[in-house]
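First listed ligand is number 1; within each ligand, the first listed atom is number 1. None of the values given here were measured: they were computed from a predicted structure.
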Amino acid sequence: ESGLNSLDTFTDEEQMLRETVQRFAQDVVAPKVREMDENEMMDPAVVKGLFEQGLMGIETPADFGGSESSFTSAIIAIEELAKVDPSVSVMCDVHNTLVNTVIRKYGTKEQHEKFLPLLAESQVGSFCLSEPASGSDAFALQTRAKKDGDDWIINGSKMWITNSYEANVFLIFANVDPSKGYKGITCFLATKDMGIQIAKKEQKLGIRASSTCTLNFDDLRVPGANVVGEVGKGYKIAIEILNEGRIGIAAQMLGLAQGAFDKAVPYTYERKQFGQPVGTFQGMQFQIAQAAIDIESARLLTYNAARRKDEGRDFTKEAAMAKYWASVVAQRVAGNAIEWAGGVGFTRETGIEKYWRDSKIGAIYEGTSNIQLQTIAKAIQKQYS
Ligand code: CAA
Ligand code: FAD
């Protein structure tokens with residue numbers, strides 16, 4: 001148990017899950033972290049482990065092979081994995097909070113029966129919204145879908161797609177009627193064997209073990225039964241799910257900050273300069289105390305948003321606040337952690353520098369920090385004008 005985790009509002013089931021994930025992260029993930037970062041590749045044994053531990057169907061009903069737990073449970077798992085490896089954490093995050101949730105919430109009975117067990121037991125999922133020319137302006141997407149008998153033919157390209165190197169199941173957002181603007185956007189379920197091609201795998205600053213690819217769809221034929229939700233309502237599916245997903249990224253950044261703190265702080269009490277542990281100099285103590293406040297505030301925002309979601313209350317503004325703030329905290333704490341460890345913090349050996357590299361993505365994906373601020377500002381305006 002991390003020394004800074006002062007929040008004790010978790011159920012016994014949630015607490016047990018936290019301990020299970022901690023054990024998995026220490027035993028299975030930790031020994032592979034450096035190798036996966038250097039190889040820029042997720043270890044298949046880690047992916048297999050995520051499935052075996054029930055971490056790829058956290059909220060999925062038991063009838064479909066899932067753990068049937070709360071959204072907060074998914075957030076706990078994402079946080080705990082990020083303490084050890086933010087790449088493994090984002091794999092679990094996208095798979096659960098984006099892919100599984102879209103199918104669970106908007107899918108037909110047939111889609112539930114066909115895809116939820118696969119996603120809980122063995123097949124990785126991807127969420128394909130962003131494109132080369134549409135990131136923040138996501139609803140301006142250029143991928144098109146045309147009806148052909150009962151099928152749909154998809155043409156276009158998606159960029160930055162997490163998990164796509166390992167994935168078999170893809171949620172694809174395409175516009176079926178651009179004359180309707182974003183009200184033509186529709187969500188499709190596709191599988192790799194339908195002909196999805198990986199055009200490029202990115203080399204990145206951080207979360208290097210997490211795959212991020214460009215995908216090309218060249219007359220990709222998808223059966224009519226694979227439309228998720230209503231035709232033309234894909235934009236609403238995308239943003240409603242992203243509102244939730246952003247709490248997952250907040251949890252990833254929270255776990256990352258805590259992981260960096262847990263690695264660097266003990267070192268400051270071992271390392272002696274001027275005859276005393278460096279962590280006992282006031283200049284160091286105050287930085288460590290401030291980092292603890294930062295982490296605590298990110299934790300409260302993150303779990304507040306998660307609980308609001310579980311309780312069926314509004315959470316969009318709270319989720320945006322949590323993601324925004326946890327990203328600031330992660331970058332600040334991980335940056336300081338390197339300095340607290342001095343020269344050794346700057347080397348690959350301690351693993352501290354990796355947290356800082358991994359922290360940078362928090363302000364970019366699932367809506368940049370400016371997009372979170374815009375979301376918060378819109379909610380304030382609605383309330384006050
Ligand atoms: N919640 C619910 N609905 C929302 C919403 C929100 N936060 N923001 C906008 N909408 C709805 C509006 O109500 C409106 O719908 P109606 O016409 O039915 O009323 C519609 O969306 C358009 O609204 P706007 O004109 O205000 O929106 P916009 O076009 O200016 O931008 C946006 C909307 C694309 C959602 C933008 O705010 C946004 O969030 N951009 C970031 C995109 C993003 O998060 N991408 C993440 C990709 S996945 C990913 O990144 C995964 C990963 O890395 C791990
Ligand atoms: P842009 O939208 O071009 O933004 C550039 C800058 O302009 C940013 O600082 C932004 O804040 C600012 N800006 C843009 N619009 C405004 C505005 N209106 N007001 C103020 N500032 C603004 N997408 C998926 O669909 N699925 C995934 O699985 C996925 N995984 C990803 C993994 C990684 C590692 C990365 C890097 C990206 C991933 N993305 C994914 C895409 C991600 O969601 C986008 O990168 C993100 O939404 C930003 O879009 P962009 O990169 O085009 O930046």
Side-chain angles (χ1 to χ4, degrees), residues 40 78 82 86-87 89-99 101-102 124-143 156-167 169-174 180-185 187 200-215 230 232-253 305 309 314-321 323-324 327 357-379 381-382:
E40 300 181 64
I78 294 162
S87 287
S89 171
V90 77
M91 170 173 264
C92 176
D93 168 76
V94 167
H95 185 95
N96 281 285
T97 71
L98 300 183
V99 181
T101 306
V102 166
V124 177
S126 269
F127 181 89
C128 315
L129 178 67
S130 306
E131 299 184 0
S134 59
S136 298
D137 191 8
F139 296 164
L141 59 86
Q142 294 294 307
T143 296
S157 183
K158 294 287 173 184
M159 196 172 182
W160 311 117
I161 306 307
T162 299
N163 287 355
S164 56
Y165 190 78
E166 297 84 10
V169 178
F170 299 80
L171 288 175
I172 301 171
F173 293 88
K180 293 189 177 147
Y182 63 80
K183 298 202 169 166
I185 297 175
C187 179
K200 185 186 176 204
K201 187 168 181 280
E202 302 293 342
Q203 293 186 299
K204 309 191 296 295
L205 169 74
I207 56 160
R208 283 151 54 102
S210 163
S211 64
T212 313
C213 307
T214 298
L215 307 177
E230 282 175 55
K233 285 282 168 60
Y235 76 98
K236 207 64 185 173
I237 294 179
I239 186 58
E240 282 185 354
I241 276 354
L242 284 166
N243 285 334
E244 295 184 26
R246 289 167 181 173
I247 309 174
I249 301 303
Q252 183 204 24
M253 290 295 125
K309 205 249 147 228
D314 285 348
F315 63 89
T316 301
K317 183 184 70 184
E318 289 77 7
M321 286 180 168
K323 180 191 182 278
Y324 174 89
S327 303
R357 287 189 284 111
D358 289 353
S359 72
K360 200 69 209 170
I361 193 60
I364 299 172
Y365 60 16
E366 291 207 28
T368 64
S369 287
N370 277 356
I371 292 294
Q372 307 309 320
L373 291 173
Q374 198 183 74
T375 305
I376 297 160
K378 275 186 190 171
Q381 193 177 343
K382 203 167 148 199

When you look at NZ of Lys360, are more than 12 heavy atoms from neighbouring residues, nucleotides or ligands closer to it than 6.0 Å? no

Lys200 side-chain N/O to Met159 backbone N/O, donor-acceptor pair under 3.5 Å: no

Polar side-chain atom of Asn96 near backbone of Cys92 as donor-acceptor pair, under 3.5 Å: yes

Taking atom NZ of Lys201 as the centre, report whether more than 12 heavy atoms of other residues, nucleotides or ligands fall under 6.0 Å from it. yes

Taking the side chain as C-beta and beyond, is there a heavy-atom pair between Ile78 and Ser89 under 4.5 Å? yes

Give the minimum heavy-atom separation between Ser126 and Ala167, together with the two atoms involved. OG-CB, 3.7 Å

Is there a donor-acceptor pair under 3.5 Å between the side chain of Lys323 and the backbone N or O of Gly367? yes

Check Lys317 against ligand 1 and report side chain, backbone, both or neither, counting heavy atoms closer than 4.0 Å. neither

Is it true that a side-chain atom of Gln372 and a backbone atom of Glu366 form a donor plus acceptor pair closer than 3.5 Å? yes

With the threshold set strictly below 4.0 angstrom, can you tell me whether any protein non-hydrogen atom sits that near atom 31 (O) of ligand 1? no

Which ligand 1 atoms does Phe127 reach within 4.0 Å, using its non-hydrogen atoms? 48 (S)

I'd like the name of whichever of Gln252, Gln374, Arg246 reaches closest to atom 39 (O) of ligand 1 through any heavy atom. Arg246

When you look for heavy atoms under 4.0 Å from ligand 1, do you find them on the side chain of Trp160, its backbone, both, or neither? neither

Nearest protein heavy atom under 4.0 Å from atom 28 (P) of ligand 1, yes or no: no

Using a strict cut-off of 4.0 Å, indicate which atoms of ligand 1 neighbour a heavy atom of Ala138. 34 (C), 42 (C)

Return the residue, atom name and 0.1 Å-rounded distance of the protein heavy atom closest to atom 54 (C) of ligand 1. Val94 CG2, 3.3 Å

Within the 4.0 Å heavy-atom cut-off, what Asn243 brings close to ligand 1 is side chain

I need the atoms of ligand 1 closer than 4.0 Å to a non-hydrogen atom of Thr316, numbered in the order shown. 7 (N)

Check ligand 2 against the protein and report each N/O to N/O distance under 3.5 Å, formatted as atom name, atom name, distance.
residue: ligand 2; atom: 2 (O); partner: Ser136; partner atom: N; Å: 2.9
residue: ligand 2; atom: 2 (O); partner: Ser136; partner atom: OG; Å: 2.6
residue: ligand 2; atom: 11 (O); partner: Thr368; partner atom: OG1; Å: 2.7
residue: ligand 2; atom: 18 (N); partner: Gln374; partner atom: NE2; Å: 3.3
residue: ligand 2; atom: 21 (N); partner: Asn370; partner atom: ND2; Å: 3.0
residue: ligand 2; atom: 23 (N); partner: Ser130; partner atom: OG; Å: 2.7
residue: ligand 2; atom: 25 (O); partner: Leu129; partner atom: N; Å: 2.9
residue: ligand 2; atom: 25 (O); partner: Ser130; partner atom: N; Å: 2.8
residue: ligand 2; atom: 25 (O); partner: Ser130; partner atom: OG; Å: 3.2
residue: ligand 2; atom: 26 (N); partner: Phe127; partner atom: O; Å: 2.8
residue: ligand 2; atom: 28 (O); partner: Thr162; partner atom: N; Å: 2.9
residue: ligand 2; atom: 28 (O); partner: Thr162; partner atom: OG1; Å: 3.3
residue: ligand 2; atom: 30 (N); partner: Trp160; partner atom: O; Å: 2.6
residue: ligand 2; atom: 30 (N); partner: Thr162; partner atom: OG1; Å: 2.7
residue: ligand 2; atom: 39 (N); partner: Trp160; partner atom: O; Å: 3.4
residue: ligand 2; atom: 49 (O); partner: Ser136; partner atom: N; Å: 3.4

Nearest heavy-atom pair of His95 and Gly125: which atoms, and what distance? ND1-N, 3.1 Å

Among Leu141, Leu215, Thr214, which residue meets the side chain to side chain contact (heavy atoms under 4.5 Å, CB included) test with Glu131? Leu141

For atom 6 (C) of ligand 1, which candidate among Thr97, Leu98, Ile239 holds the nearest heavy atom? Ile239

Tell me which one of Met91, Lys236, Lys233 gets a heavy atom nearest to atom 13 (O) of ligand 1. Lys236

Side chain or backbone, does Tyr182 bring an N or O within less than 3.5 Å of an N or O on ligand 1? yes

Heteroatom proximity flag, Ile249 to ligand 1, N/O under 3.5 Å: no

Does atom CD of Glu230 have more than 12 heavy-atom neighbours, drawn from other residues, nucleotides or ligands, at distances under 6.0 Å? no

Correct closest heavy-atom pair for Ala305 and Phe315 would be O-CB, 3.9 Å

With side chains defined as the heavy atoms from C-beta onward, is the minimum distance between Glu166 and Ser211 less than 4.5 Å? yes

Atom 45 (N) of ligand 1 [closest protein heavy-atom partner, distance rounded to 0.1 Å]: Leu242 CD1, 3.9 Å

Looking at atom 23 (O) of ligand 1, tell me if a protein heavy atom falls under 4.0 Å from it. no

Provide the number and element of each atom of ligand 1 under 4.0 Å from a heavy atom of Ser130. 47 (C)

Parallel, tilted or perpendicular: rings of Tyr235 and Phe139 (30°, 60°): perpendicular

Taking 4.0 Å as the limit for heavy-atom contacts, which would you say applies to Glu240 with ligand 1: side chain only, backbone only, both, or neither? neither

Distance filter under 4.0 Å to Ile371 heavy atoms, resulting ligand 1 atoms: 38 (C), 39 (O), 40 (N), 41 (C)

Heavy-atom check, side chain of Phe127 versus side chain of Leu242, under 4.5 Å: yes

To the nearest 0.1 Å, how far is atom 26 (O) of ligand 1 from its closest protein heavy atom, and which atom is that? Lys378 NZ, 2.8 Å

For atom 46 (C) of ligand 1, what is the nearest protein heavy atom, given as residue, atom name and distance? Glu366 CA, 3.6 Å

Counting C-beta onward and ignoring hydrogens, is there a side-chain heavy-atom pair between Tyr365 and Ile207 closer than 4.5 Å? yes

Within-4.5 Å side-chain heavy-atom neighbours: Thr162 and Val90: yes

Below 4.0 Å, non-hydrogen atoms only: which portion of Ser136 touches ligand 1? Side chain, backbone, both or neither. backbone

Quick look: Thr368 vs ligand 1, heavy-atom contacts under 4.0 Å, and the answer is neither

Can you find an N or O of Tyr235 that's nearer than 3.5 Å to an N or O of ligand 1? yes

For atom 21 (O) of ligand 1, the closest protein heavy atom turns out to be Phe139 CE1, 3.5 Å

Would you say that Asn370 contacts Ser136 through its side chain, given a criterion of any heavy-atom pair below 4.5 Å between the two side chains? no

